[in-house]
Q: 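I'd like to ask you about the structure that follows.
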Amino acid sequence: MSRDRSVADRVRTWIPFGAVPEFAPDALHAALDGDDAPVILDVRSEAEFRLGHIRTARHVPLASFEASLAALSLDPARAVVAICLSAHRSVPAVRILRARGFARAAQLRGGMIAWWRQGLPTARS
């Protein structure tokens with residue numbers, strides 16, 4: 001029975017819908033210049049990331065997110081913002097982060113689409 005519960009919990013984690021804490025694009029942009037700037041984890045594909053990303057973003061594709069998390073050496077006390085194109089793939093990333101003790105994990109509301117619509121700066125690689 002506990003094994004079934006574990007599988008069910010894992011499936012719920014990966015559902016890309018539902019409420020998770022969010023940063024509005026303009027609020028995130030302002031926070032990036034602060035002393036306690038959040039860590040940005042971009043969970044999009046390599047091709048999407050190359051098209052344009054937030055300058056401080058670390059590229060961690062969702063497909064390898066859980067496996068890569070330990071190697072990132074993130075501070076659980078620091079805010080972490082997961083970003084994708086439209087704020088769907090970032091939902092599971094936020095859930096994983098919160099389950100691992102990152103109480104300040106959130107996503108970018110509206111994803112990169114919202115960021116671009118507001119004309120906020122991006123970098124290319």
Q: Supply the atom-to-atom distance Arg109 CZ to Phe23 CZ, rounded to the nearest 0.5 angstrom.
A: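 Those atoms lie 10.5 Å apart.
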
Q: When rounded to the nearest 0.5 angstrom, what distance separates CZ in Arg104 from CG in Asp75?
A: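 Separation between the atoms: 9.0 Å.
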
Q: Between CD1 of Ile40 and CD1 of Ile83, what distance do you get to the nearest 0.5 Å?
A: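 Separation between the atoms: 4.5 Å.
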
Q: For Ala87 versus Gly110, what's the shortest heavy-atom pair and its separation?
A: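 What the structure gives for the nearest pair is CB-N, 3.6 Å.
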
Q: Measuring from Ser90:OG to Met112:CE, what's the distance to the nearest 0.5 Å?
A: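 If we round to the nearest 0.5 Å, Ser90:OG and Met112:CE are 11.5 Å apart.
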
Q: Would you compute the distance between atom CZ of Arg100 and atom CZ of Arg95 and round it to the nearest 0.5 angstrom?
A: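 Here the rounded value is 15.5 Å.
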
Q: Show your reasoning for whether side chain to side chain contact (heavy atoms under 4.5 Å, CB included) applies to Val80 and Leu41.
A: CA-CA 7 Å; Val80 179; Leu41 300 180; 3.6 Å; yes

Q: Looking at CD of Glu66 and CD1 of Ile96, how far apart are the two atoms once the value is rounded to the nearest 0.5 Å?
A: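 Result: 4.0 Å between the selected atoms.
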
Q: Closer than 3.5 angstrom, by distance alone: can the side chain of Trp115 be matched with the main-chain N or O of Pro121 as a donor-acceptor pair?
A: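 Indeed, once roles are kept as given, a pair shorter than 3.5 Å links the two residues.
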
Q: Is there side-chain contact between Leu32 and Arg55, with at least one heavy-atom pair below 4.5 Å?
A: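 Touching, per the 4.5 Å side-chain cut-off.
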
Q: Do any N or O atoms from the side chain of Arg98 and from the backbone of Ala106 form a donor-acceptor pair under 3.5 angstrom?
A: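 Pair absent, no side-chain N/O of Arg98 close to backbone of Ala106.
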
Q: On a heavy-atom basis, which atom in Arg124 and which in Leu51 lie closest, and how many Å separate them?
A: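 Residues Arg124 and Leu51, closest heavy atoms: NH1-O, 3.5 Å.
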
Q: Determine, using the 4.5 Å side-chain heavy-atom cutoff (strictly less than), whether Val39 and Leu108 are members of one ILVMFWY cluster.
A: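 In one cluster with Val39: Leu108, no.
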
Q: Would you say Val91 and Ile113 are hydrophobically clustered, going by side-chain heavy atoms of ILVMFWY under 4.5 Å?
A: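 Different clusters.
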
Q: Does the side chain of Phe65 reach to within under 4.5 Å of the side chain of Leu97, using non-hydrogen atoms?
A: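 Of all side-chain heavy-atom pairs linking Leu97 with Phe65, at least one is under 4.5 Å.
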
Q: I'd like to check Leu28 versus Leu120 (side-chain heavy atoms, cut-off strictly below 4.5 Å). Are they in contact?
A: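 Heavy-atom side-chain distance check fails, nothing below 4.5 Å.
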
Q: Within the side chain of Ser45, is there an N or O that forms a donor-acceptor pair under 3.5 Å with the backbone of Glu48?
A: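 Yes, Ser45 side chain to Glu48 backbone: donor-acceptor pair under 3.5 Å.
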
Q: Are Val20 and Val81 connected in the hydrophobic side-chain network, where two residues link if heavy atoms are under 4.5 Å apart?
A: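 In one cluster: no.
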
Q: Should the pair Phe49 and His59 be assigned to parallel (<30°), tilted (30 to 60°) or perpendicular (>60°) ring geometry?
A: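 Judged by the thresholds at 30° and 60°, the geometry between Phe49 and His59 is parallel.
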
